[in-house]
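Note that the structure is predicted; figures quoted are calculated from it, not measured.
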Amino acid sequence: MSEYFVVDLPGKGEIVEKKSKFISHVLPVKSEQQAVECIESIKKKYWDARHNCFAFVIGKNNEIQRFSDDGEPQGTAGKPILEVLTSQNIHNALIVVTRYFGGTLLGTGGLVRAYGLCAKEGMKNAGKKKVYPGIRMDIVSDYNNIGKIQYIMGQMGIHPEDEKYAENVTITLNMKASDSGVFKTKVTDATNGKTIFLNESETEYKESIETG
């Protein structure tokens, strides 16, 4: 699995181009059905708008890609919106751009620019996460060594998913796959081989990034 980005929190953007008002909504979606439902909801909200154009991508490899010009000249709305998603390597996301016509024709180039720019504005304001190949594992340690392990976790920016305190301490971790080898080596050395690593499996690791 290669690295990519997902939308974590919705974003909204607005621009005005020759008195036409463009409003974009960026939303996380996990299925085509969910994307369609979101599109219909936005269309109902902006029922009086001239156009509600959209694009969405679904899947780890963007296996599903759909877009619509919704009455605008072919290729002037849906494709520029889709380009924002694909050029930024965004997956599992929907962008809907609503247009209130201002009375002045923008021309083909003007429409492409306006829809693309408005989609980018919405994306700037959305919360995003970077998705890496990840490793989930349980580590088991006695109480004498848990402080050393927690120190290494802090150094490497690794946060526990779960902690269980019984006769020993069991911590469930999810980290970047690229960090797992170094982490295990550091923990093994620091605890003189007394830490047990269990239930290791491949997963995804998501890391929040700054908006923009």
Side-chain angles (χ1 to χ4, degrees), residues 1-132 204 206-212:
M1 185 190 81
S2 58
E3 300 168 6
Y4 60 90
F5 297 88
V6 294
V7 173
D8 182 43
L9 295 172
K12 184 179 179 181
E14 293 187 18
I15 67 167
V16 176
E17 190 75 20
K18 294 182 179 179
K19 298 183 180 181
S20 279
K21 184 177 182 180
F22 295 82
I23 306 167
S24 61
H25 287 83
V26 180
L27 299 167
V29 290
K30 294 182 178 180
S31 67
E32 187 168 3
Q33 180 180 348
Q34 184 184 10
V36 171
E37 290 172 354
C38 290
I39 293 164
E40 291 304 314
S41 177
I42 290 173
K43 284 184 175 182
K44 288 179 182 178
K45 181 178 180 180
Y46 298 101
W47 59 270
D48 56 339
R50 179 71 68 89
H51 306 282
N52 286 284
C53 307
F54 67 82
F56 62 84
V57 288
I58 306 290
K60 289 183 179 180
N61 298 305
N62 282 345
E63 294 89 347
I64 298 174
Q65 299 186 22
R66 302 283 186 270
F67 62 89
S68 170
D69 297 312
D70 193 33
E72 294 282 27
Q74 186 176 356
T76 61
K79 284 187 176 179
I81 298 170
L82 180 65
E83 175 66 17
V84 172
L85 293 166
T86 57
S87 67
Q88 296 186 30
N89 198 18
I90 305 289
H91 294 227
N92 298 330
L94 161 72
I95 303 178
V96 181
V97 179
T98 301
R99 180 190 182 190
Y100 284 93
F101 184 57
T104 301
L105 296 176
L106 301 182
T108 300
L111 288 171
V112 170
R113 176 184 174 279
Y115 276 102
L117 180 60
C118 190
K120 288 178 182 178
E121 284 297 308
M123 188 60 71
K124 284 180 183 178
N125 296 323
K128 294 180 284 293
K129 286 188 175 182
K130 190 170 185 178
V131 182
Y132 299 86
E204 293 180 343
K206 295 180 180 179
E207 183 176 78
S208 296
I209 62 173
E210 294 182 5
T211 57

By side-chain hydrogen bond (donor to acceptor under 3.5 Å, both in side chains) - contacts of T98 (at least two apart)
N52

If you measure from NZ on K43 to SG on C38, what distance do you get to the nearest 0.5 Å?
13.0 Å

Charged N to carboxylate O under 4.0 angstrom, K12 versus E121?
no

Close side-chain approach of S68 to C53, heavy-atom, < 4.5 Å:
no

Which residue pairs satisfy the side chain to side chain donor-acceptor pair (under 3.5 Å) criterion with at least one member in residues 76-87, sequence neighbours excluded?
none

Side-chain heavy-atom pair L111, P73 within 4.5 angstrom cut-off:
yes

Taking the side chain as every heavy atom from C-beta outward, state whether F56 and N92 have any atom pair closer than 4.5 Å.
no

Can you check whether Q88 reaches M123 side chain to side chain, under 4.5 Å on heavy atoms?
yes

S24 side chain to V97 main-chain N or O, any donor-acceptor pair under 3.5 Å?
no

Using a strict 4.0 Å threshold on nitrogen-to-oxygen distance, state whether K129 and E207 make a salt bridge.
no

Classify the ring geometry of Y100 against Y46: parallel below 30°, tilted from 30° to 60°, perpendicular beyond 60°.
perpendicular

With distance as the sole test, does D69 use its side chain to make a donor-acceptor pair with the main-chain N or O of A77 at under 3.5 Å?
yes

Rounded distance [0.5 Å steps], NZ in K45 versus CD1 in I23
8.0 Å

In a check of side chain to side chain contact (heavy atoms under 4.5 Å, CB included) between V57 and each of L82, I95, N89, L94, which one passes?
L82

Hey, is CD on E63 packed in by over 12 heavy atoms from elsewhere, all under 6.0 Å?
yes

Is the F54-F67 ring centre distance short of 6.0 angstrom?
no

Does CZ in R66 sit with more than 12 non-hydrogen atoms of other residues, nucleotides or ligands closer than 6.0 Å?
yes

Y4 and side-chain hydrogen bond (donor to acceptor under 3.5 Å, both in side chains): which partner among H91, K130, E204?
E204

Run the salt-bridge test on E72 and R99 with the 4.0 Å N-O cut-off and return the result as yes or no.
yes

